[in-house]
Amino acid sequence: MTLFCDVAIIGAGTAGMAAYRAARAHTDQVLLIESAHFGTTCARVGCMPSKLLIAAADAAQAVREAPRFGVVGGAPRIDGPAVMQRVRAERDRFVGFVLETVHDWPEATRLMGRARFVSAGLLDVEGQRVQARAVVIATGSRPRIPPRWQERLGARLIVNDDVFDWVDLPRSVAVVGAGVIGLELALALHRLGVRVRLFARGSRVGPLTDPELQSLAQRLFAEELPLALNAADLEPTLDGDQVLIGGEHFDLLLCAAGRQPNIDDLGLDALPLPRDDRGHPLVDRHTTQWGSGPLFVAGDATDDRPLLHEAADTGRIAGDNAARFPHVHHRPRRSPLAIVFSDPQIAIAGASHAELTQAGAAFDTGRVSFADQGRSRVMLANRGGLHVYAERHSGRLLGAEMIGPAAEHLGHLLAWSVQRGDTVQQMLDSPFYHPVVEEGLRTALRQLDTALDLPSPPIENCLDCDTSAETGA
Ligand SMILES: Cc1cc2nc3c(=O)[nH]c(=O)nc-3n(C[C@H](O)[C@H](O)[C@H](O)COP(=O)(O)OP(=O)(O)OC[C@H]3O[C@@H](n4cnc5c(N)ncnc54)[C@H](O)[C@@H]3O)c2cc1C
Ligand SMILES: NC(=O)c1ccc[n+]([C@@H]2O[C@H](COP(=O)([O-])OP(=O)(O)OC[C@H]3O[C@@H](n4cnc5c(N)ncnc54)[C@H](O)[C@@H]3O)[C@@H](O)[C@H]2O)c1
């Protein structure tokens, strides 16, 4: 028997759940299809458990740093089972909240099973046919594993999902991939006493695209974390029950070599849908529509900013438009914001340096180093730098990149300013308390203001501006 609905949503992660809520505002005939687990990647194996592990690592690091403040305790003793018990218990609590939400939704609107397209609008869910007026694809992404590694390393090859089910910490882990996941997890495990080496194909560590800040990041992380950069053509092998990579043995190899959208096994190959040169869906960012028909794609499945808040936003747009189809609405998107919870933290707000350069934008840069920044020194967190970019003729803030203290908070202020269209002058005229890390941002903005060399507004309209022309100085 075929099930009929207005909107079928494939995947019950963050994007799928947001799509479900948005579609249900229009119609009760919504079906949420999930092949593996309710609970979302973010809560089960992503954002939340990784931040729990990082919180434990930060606690260990605070003990190590204490003598620098004159507080003498002794080296931290890491109780691996206790660390992992808290990670799993808190993770389960977060997942529990998600499951409660899903279970509160009518049972008839949920279906367990792997969905594949038979034709546009007709799905097969493990033998069950589903006919929908519109479909939201919210199938997320999975770790990309280089060919043959799985066969060669068997259970010694792990991905992020496996880490958060550990009952104890391993003795050693080779982490492959110095992107966001690799950096966050390698640093956390290292600080928790696990012997770690982070292997990267090139020299880049983390997502910073500004060449000066990227090399600063490489230097800062190399001071603490064992790195093997420019490790091209890695061919790990099993040696007994150990992984042999780069001439070194490890208990496990954690593959963090990027993620690929779960779009390849949906039976969509025969449909004439626009794709990029990697085969990923070319989706309208403001409608989430794929092509001109009743197909919408949200979250990591698009491979466009694979982040939690983006999954929630695109899910909402997709669910709303799928229910309205064919009357599709264009919706605004937020200013980009990406944060890495390393130490020092990394943030990219608005346009990155690479995006501005590739677009040929006329922009100036303001810089600050945190090495001598007052509050950062007080906290012994004076490592890093911040670059702010503004449009040359208008002084409008376009973007920023930083590695340093409180990047998760400064990143928000900067992304909000980019989205509002603030000029550097408007930002300088905003309040700055003392002594705070934000004063570092003010230093960078003042430098940027000088570089921009725009006429100052009348003295009545600005506080932090050059008044020399008015005073004749
Ligand atoms: C280790 C890690 C840490 C992260 N940390 C952060 C962070 O700190 N901040 C941040 O913003 N982002 C973070 N992210 C990214 C964030 O988790 C993702 O962007 C977000 O979870 C994507 O949500 P989604 O709904 O697109 O996918 P998911 O939550 O993965 O949902 C997709 C669902 O679709 C199901 N599915 C797949 N194929 C089918 C099918 N054919 N039929 C039916 N169901 C199917 C899957 O089983 C899954 O449940 C992290 C990711 C990882 C891996
Ligand atoms: N704090 C956060 O917001 C957060 C945390 C974790 C993940 N995420 C999201 O998850 C996404 C995926 O993270 P990720 O770290 O898997 O991907 P990534 O794209 O950030 O990094 C993957 C890295 O692996 C390297 N790599 C690829 N193949 C390799 C190989 N064969 N050998 C060695 N290195 C190789 C790449 O050069 C790259 O540096 C991120 O882009 C981010 O959007 C976000």
Side-chain angles (χ1 to χ4, degrees), residues 8-19 32-51 53-54 98 111-117 123-126 136-147 149 159-161 163-164 175-186 198-207 228-236 245 254-268 297-312 314-315 337-342 345-348 408:
I9 298 159
I10 311 178
T14 301
M17 289 178 69
L32 181 62
I33 306 164
E34 170 56 47
S35 62
H37 315 267
F38 289 107
T40 75
T41 288
C42 175
R44 288 188 321 102
V45 293
C47 332
M48 299 314 283
S50 59
K51 266 78 255 177
L53 197 74
I54 290 166
V98 181
L111 180 63
M112 211 60 205
R114 174 161 291 276
R116 294 189 94 246
F117 283 83
L123 302 172
D124 174 82
V125 185
E126 299 182 15
V136 175
I137 300 171
T139 46
S141 59
R142 62 182 185 277
R144 185 177 293 125
I145 298 175
W149 283 25
V159 295
N160 58 285
D161 301 38
V163 170
F164 310 115
V175 180
V176 175
V180 188
I181 295 179
L183 189 55
E184 285 189 351
L185 293 183
L198 179 59
F199 292 86
R201 262 194 310 206
S203 58
R204 288 170 60 89
V205 179
L229 301 182
N230 300 306
D233 302 325
L234 287 166
E235 290 298 339
I245 180 169
L254 170 60
C255 187
R259 294 179 69 85
Q260 70 184 81
N262 292 325
I263 208 86
D264 45 345
D265 190 29
L266 288 174
L268 285 165
V297 192
D300 280 17
T302 60
D303 202 29
D304 174 24
R305 300 189 202 163
L307 296 168
L308 188 277
H309 63 281
E310 299 285 353
T314 50
L337 174 61
I339 292 164
V340 184
F341 296 87
S342 47
Q345 293 185 337
I346 292 170
I348 303 180
E408 66 177 281

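Counting starts at 1 for both ligands and their atoms, following the listed order. A quick note: this is a predicted structure, and the numbers were derived from the prediction, not measured.
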Tell me which protein heavy atom sits closest to [atom], plus the residue, atom name and distance to 0.1 Å.
atom: atom 31 (N) of ligand 2; answer: P146 CG, 3.7 Å
atom: atom 30 (O) of ligand 1; answer: T41 OG1, 2.5 Å
atom: atom 8 (N) of ligand 2; answer: V180 CG1, 4.1 Å
atom: atom 7 (C) of ligand 2; answer: I181 CG1, 3.3 Å
atom: atom 31 (O) of ligand 1; answer: G13 CA, 3.2 Å
atom: atom 12 (C) of ligand 2; answer: R259 CD, 3.7 Å
atom: atom 42 (C) of ligand 2; answer: P306 O, 3.7 Å
atom: atom 25 (O) of ligand 1; answer: A15 N, 2.8 Å
atom: atom 22 (C) of ligand 1; answer: D300 OD1, 3.3 Å
atom: atom 17 (O) of ligand 2; answer: G258 CA, 3.4 Å
atom: atom 38 (C) of ligand 2; answer: G179 N, 4.3 Å
atom: atom 11 (O) of ligand 1; answer: L308 N, 2.9 Å
atom: atom 4 (C) of ligand 1; answer: C47 N, 3.4 Å
atom: atom 49 (O) of ligand 1; answer: E34 OE1, 2.7 Å
atom: atom 15 (C) of ligand 1; answer: P306 O, 3.7 Å
atom: atom 35 (C) of ligand 2; answer: R201 NE, 3.7 Å

Proximity to ligand 1 by part of [X], non-hydrogen separation under 4.0 Å:
X: T139; answer: both
X: F341; answer: side chain
X: S50; answer: side chain

Backbone or side-chain N or O of [X] under 3.5 Å from ligand 1 N or O:
X: R259; value: no
X: A298; value: no
X: T14; value: yes
X: A311; value: no
X: G46; value: no
X: K51; value: yes
X: S35; value: yes

Check whether any heavy atom of G113 sits under 4.0 Å from an atom of ligand 1.
yes

So is V45 in contact with ligand 1, going by heavy-atom distances below 4.0 Å?
yes

S50 side chain near F341 side chain, heavy-atom distance below 4.5 Å
no

State, with a plain yes or no, whether a side-chain heavy atom of E184 is found less than 4.5 Å away from one of I54.
yes

Which residue from A312, A115, G267 reaches closest to atom 41 (N) of ligand 1 through any of its heavy atoms?
A115

Closest by any non-hydrogen atom to atom 32 (C) of ligand 1: pick that one out of G11, A301, A138.
A138

For a quick test of reading the model, state the closest non-hydrogen atom pair linking N230 to S203 and the distance between them.
OD1-N, 3.3 Å

Please report the shortest heavy-atom distance between L337 and H309, naming the atom on each side.
O-CE1, 3.3 Å

Whether Q260 side chain and R144 backbone form a donor-acceptor pair below 3.5 Å
no

In plain terms, say whether D161 and R142 are close enough for a salt bridge, that is, a side-chain N and a carboxylate O under 4.0 Å apart.
no

Report yes if some N/O of L234 lies less than 3.5 Å from some N/O of ligand 2; otherwise report no.
no

Short N or O distance, I339 and ligand 2, threshold 3.5 Å exclusive:
yes

Here the atoms of ligand 1 under 4.0 Å from any heavy atom belonging to I10 are 40 (C), 42 (N), 43 (C)

Between I346 and L183, does the side-chain contact (heavy atoms from CB on, under 4.5 Å) criterion hold? Intermediate values first, please.
CA-CA 11 Å; I346 292 170; L183 189 55; 4.1 Å; yes

Under 4.0 Å from a heavy atom of F341: which atoms of ligand 2 are those, numbered in the order shown and with their elements?
1 (N)

